[in-house]
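For reference, the structure discussed in these notes is given below.
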Amino acid sequence: METFKKKRIEIVIEALVLKRLLEVFEKHQVGGYTVYSAQAGSGKSGAWQADGVISGTSELRVVFCIVDASRVDQVLEPVFKLVSRHIGIVTVSDVDVIRGDQFV
Amino acid sequence: METFKKKRIEIVIEALVLKRLLEVFEKHQVGGYTVYSAQAGSGKSGAWQADGVISGTSELRVVFCIVDASRVDQVLEPVFKLVSRHIGIVTVSDVDVIRGDQFV
Amino acid sequence: METFKKKRIEIVIEALVLKRLLEVFEKHQVGGYTVYSAQAGSGKSGAWQADGVISGTSELRVVFCIVDASRVDQVLEPVFKLVSRHIGIVTVSDVDVIRGDQFV
Amino acid sequence: MAGILELAAANLLSPMVLFFALGLAAALARSDLSIPEAVAKGMSIYLMMAIGFKGGAGVAAHGLDATLGLALLAGVILSAIIPLVAFQILIRASDLPRVDAAAVVAHYGSISIVTFLAANEALKISGIEAESYMVAVAAAMETPAIFVGLILAQSGVASTSHGENGKAPVGNLDTTALREVVLNGSIVVLVGSFVIGWVSGPAGLSSIEPFIVSPFKGVLCLFLLDMGLIAGRGLRDGSKQLSPSVVAFGLYMPLIGAAFGLVAGLLVGLSTGGVALMITLSASASYIAVPAAMRLALPEARPAIYLPLSLGVTFPFNLVIGIPLYIALAQAVSG
Amino acid sequence: MAGILELAAANLLSPMVLFFALGLAAALARSDLSIPEAVAKGMSIYLMMAIGFKGGAGVAAHGLDATLGLALLAGVILSAIIPLVAFQILIRASDLPRVDAAAVVAHYGSISIVTFLAANEALKISGIEAESYMVAVAAAMETPAIFVGLILAQSGVASTSHGENGKAPVGNLDTTALREVVLNGSIVVLVGSFVIGWVSGPAGLSSIEPFIVSPFKGVLCLFLLDMGLIAGRGLRDGSKQLSPSVVAFGLYMPLIGAAFGLVAGLLVGLSTGGVALMITLSASASYIAVPAAMRLALPEARPAIYLPLSLGVTFPFNLVIGIPLYIALAQAVSG
Amino acid sequence: MAGILELAAANLLSPMVLFFALGLAAALARSDLSIPEAVAKGMSIYLMMAIGFKGGAGVAAHGLDATLGLALLAGVILSAIIPLVAFQILIRASDLPRVDAAAVVAHYGSISIVTFLAANEALKISGIEAESYMVAVAAAMETPAIFVGLILAQSGVASTSHGENGKAPVGNLDTTALREVVLNGSIVVLVGSFVIGWVSGPAGLSSIEPFIVSPFKGVLCLFLLDMGLIAGRGLRDGSKQLSPSVVAFGLYMPLIGAAFGLVAGLLVGLSTGGVALMITLSASASYIAVPAAMRLALPEARPAIYLPLSLGVTFPFNLVIGIPLYIALAQAVSG
Ligand SMILES: Nc1ncnc2c1ncn2[C@@H]1O[C@H](COP(=O)(O)O)[C@@H](O)[C@H]1O
Ligand SMILES: Nc1ncnc2c1ncn2[C@@H]1O[C@H](COP(=O)(O)O)[C@@H](O)[C@H]1O
Ligand SMILES: Nc1ncnc2c1ncn2[C@@H]1O[C@H](COP(=O)(O)O)[C@@H](O)[C@H]1O
Ligand code: NA
Ligand code: NA
Ligand code: NA
């Protein structure tokens, strides 16, 4: 099948800040995204684990969005600005999609 | 370590349709797959969120399977046919694995 | 934005063995990782599903860590040794990150 | 008349309605309050198990009423006829495509179990008894509407814009999907618990009463908090897609359904409480079994129409205004 | 004899057994019914907490029986001996590799807490009292079998095809794994709650009775629904891997274990109820602590053998047929 | 004096404290015991709902005390003043950066609802009544401290090393964050349930009593098990980051807060029970609303400092030693 090259931006971010990240997406007209829950992790800020926690403080979410390569920088900049103030990381990778017009 | 090049097909699909997707996998003898739950998302069909929902209607799942490049098209076609009737997306990317014979 | 090339190691492993995997990470000074729960899957060892299960025996976790390409082999070897004794798989792929010094 | 208003006022200030309102308000104010999915599903299973078991144990205790068969039959017929009527109305009153209209009306033929539970509680407060097998009637009404909805969609597919470009035929309900619809988890728990309650009888009931009877209403309140949250979220995000004519349908259709239920309840010869429940079932709209079936068998229909309509418009209408009205109606007519 | 049949019939129609059957049927019919993992785990913790606390409070209330120490010792010995006997049988009766056989028999030396709970409820219905410290005996029997199983696997490793190609030695139970086995969450809650119940006594019990006593049986029913679902799924997917001889083992081994438990219970001098529970513990097979330990320390053994065997064959056998039989046996012998 | 010791001993051996200790011990021993996140959140919502509803129903039953307004006002003032005092102490006593110190003291101005619940239970055991609106005072004390903490952080930003390299200004509480802080899910449930309890009154309460009253204490025990696990994990991982001077602050600060609460309670003219609760609220430190607000508005402050301090040091101190002390204090002074 014919495929089109796109970029996948993946962000790990603390759950409490997710709302703001999604607002950034909306502002920059990201066409779609998917969020899932991380269950544990470790990084500069130490290790954490979601089980049993009630404050939401130490929960993290993973968000990925598929965008066109031409728009990566435009999205990446405000996302990175947000994430770098908080707990989290950002990565970018290559993916192929089937309908190119769906991911802009 | 020596590694082998394979393809990773990742599918976001509404939870109710997961069973059918796995039937497609079985029919096309996909050797393995992993499913996890998305917690929220947004796309052409609007935004959704799993928390508190009781009907299962607005839940989505993410499924990935590692297959040999030679089999991508064969799997992709029926998968894409299914997904395009429902809510969801399909992406393909490159991965390296250690035991090549494990992912056919 | 300027980005740096790194490697993403992703491991699917049975939940009970997660602790040992993280000990391997610690021993090899992996700078960070993220864990999430898989909900269902299938592989050489058959199909499984987490719903309703109480023993933890048939739960799987997905762990990914972003490391520098120079360290992939060093991490991969003990990880693969652990995983190959248990239920699970290992894949490696390319990602770009913004702050290169963060992922060593 | 004073009776209705009093009942309505009492209903409005009941913890059930107030917790629903709290959830609605929290969602509209964009609070981050949310009930974990697992807890919501757990409560849903609990409610099905409890109501089914109590119904079955009731049948075991009071014996089988001669009207049970008739009531079940009436339920199946109502579930099939209401969508047909609703479709004729909706297709004229709104500009929804046929596929969306067919999906919507399937919800109105089927039932909302939480509305049924709330009506049960309201009856209890008013000291009115009802036939315990009415929960079996509720179960019988769950699915027929789905098939009617799918047939309506099928018959109209050529005339819609969705089916044109060579896609698979809509309303394609193969045997796999059929089994999935009929063996929907919540229906299995409801019917299974009814049978278990019947078999194990009052002795069985009393052994698990502190779990399924005593805390029941409290759990229902917490569940209604969750439903308020979901309804509020649905209204917040979905309000753009719901035209005024569709919203209006969500408000008057329950009354039309209620009229059918009233007639059926009287014909079958139910008690006052039974009539009130039959009206409530007919007036209520599904938000579990039918949406799931529509996603499987009619993916072309937009959930952003039918979900907020059922959960955000008709459900609160029934909860707040409908239930006291239906009880008053049943009392007036069958008293 | 009429007594056994009556007890068996009553047991068969109890809500507990019927909910298990509902789950089993739903899974075999491929219904999408499922209990969320978090809810299942929450119920599991609740059951451990409740049974542990009640046992401890019972000991505080009735004082320490002189036989407690003996009963604990008997439990540890049974847990260690039963796997040895079972191994000799299984290795002859089936063609399972040694590693799989060793893993299987470890399950039969250990215990199933839900079987124990169901036996407790059946005793209550029959009006038979039992020593409250039997829950401590249950806890004591959880782990010894694990070590015996690992030793059996170790001794046989050279002769299996799994250990050949230079892999790490099987049954490699280092101190980390040892701690994980002993500090398994469910054992910690069970033992911890027993101690807390003991320390806080009847006053403590009465303060949380509406949480851990009254709704207990209802929660157990819901939990059994879940176990039915899992057992059904296991049988559906795993039935190809279970040979008839292995399935047969899952049916006669509980009876052999029961015989050991009977002798031990009589030697220790337990009451009729206590003997019935000792038999039940010996006859039951683990599906929480042992599978987890096997995955950690004996990953070569196939869970597709031992899980469906314990959960899908032996557990239902004990629930439906075993428990009334064991109670009748205890009554006949120690009455 | 004998009274205090007796109360302290009874408290120490209460199921609540023992379950907390079990969780703590399990975490420190690295057991894999954990309460699923969804269950923990569900229990948290349940506790808020129950305590709010009971408080509201109590106000409906006993009428509005003239002191309610005063008590609310006192609560707001305490919540604002305690952080100011605490900040002066902490900045001198430790070498924490201003931003971290500001975040820490915000926790001590705000309150811990579980500490409040435990104090309520201890009062009940001692047979001491308290004003039912104290839960409203608890709600009123949740947030003012947050704003004071942010102002303290702001005023000190130039002098910290964290704010130097051109980052966004700290303590940047825009209207979105403001709403998020005020509409925090747990506060919404607490206040909403209070209002619902008030509106639906004793009749409403009795209809859901078997859910929100009877099992309450048992759920609290299970919740404390979870809090023990989290506290233990926090101490295990975070102990390196907590200097002795900061740990000491976590132990003496509750006593300073208690003194403020005592004075305020007496000035307002509360009953003995009310004074004890006012002391407890002032002495307790938040671990839900404040940490969440700090992550949003003051991400520079390290959660690895304030979370284990509040949950692992001050919470157990209050639970084990503080509560009996505060009750004895209230009795001595206002008796
Ligand atoms: N561009 C995207 N990036 C990541 N996930 C997406 C994207 N588009 C859609 N999705 C996911 O796929 C689901 C269905 O998409 P759609 O069918 O476009 O509504 C969404 O709810 C998201 O979870
Ligand atoms: N080809 C694959 N693609 C994606 N996930 C896989 C694949 N093979 C195995 N897995 C995952 O890894 C788990 C263990 O695999 P296995 O050890 O092969 O049974 C499976 O249950 C899946 O969750
Ligand atoms: N190298 C890494 N690989 C994968 N996930 C990471 C990595 N570093 C950080 N993370 C994730 O991002 C979270 C926050 O990272 P940090 O801000 O570095 O503490 C961690 O808790 C992990 O879940
Ligand atoms: Na209806
Ligand atoms: Na046994
Ligand atoms: Na305070």
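Residue numbers start from 1 in every chain, and the chains themselves are labelled A, B, ... in the order their sequence lines are given, proteins ahead of strands.
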- Message: Any heavy-atom pair between the side chains of D/Ser200 and E/Leu13 that's under 4.5 Å?
- Response: no
- So, the part of E/Pro215 with a heavy atom under 4.5 Å from chain D: the answer is both
- Query: If you measure from CD1 on D/Ile212 to SG on E/Cys221, what distance do you get to the nearest 0.5 Å?
  - Reply: 8.5 Å
- Query: With only heavy atoms counted, which part of D/Phe53 is less than 4.5 Å from chain E, the side chain, the backbone, both or neither?
  - Reply: side chain
- Any side-chain heavy atom of D/Ser207 within less than 4.5 Å of one from E/Pro15? yes
- Can you find a pair of side-chain heavy atoms, one from D/Ile45 and one from E/Ile35, that are under 4.5 Å apart? yes
- Message: A quick test of your reading: do over 12 heavy atoms of other residues, nucleotides or ligands sit less than 6.0 Å from CD of D/Glu129?
- Response: no
- Task: Would you mind telling me which of E/Leu22, E/Val17, E/Leu225 makes a side chain to side chain contact (heavy atoms under 4.5 Å, CB included) with D/Ile196?
- Result: E/Leu22
- Among E/Val39, E/Leu220, E/Leu18, single out the residue with the greatest number of heavy-atom pairs under 4.5 Å to chain D. E/Leu18
- Determine whether E/Asp32 and D/Leu183 make a side-chain contact, defined as any pair of heavy atoms from C-beta on separated by less than 4.5 Å. no
- Query: Are E/Phe19 and D/Ser193 side-chain neighbours, meaning at least one heavy-atom pair lies under 4.5 Å?
  - Reply: yes
- Query: Side-chain contact, heavy-atom cut-off 4.5 Å: E/Leu222 with D/Phe211?
  - Reply: yes
- Item | Residue pair E/Ala38 / D/Ala38: nearest heavy atoms and the distance that separates them | CB-CB, 3.8 Å
- What residue, out of D/Met49, D/Glu180, D/Lys41, has the most heavy-atom pairs lying under 4.5 Å from chain E? D/Met49
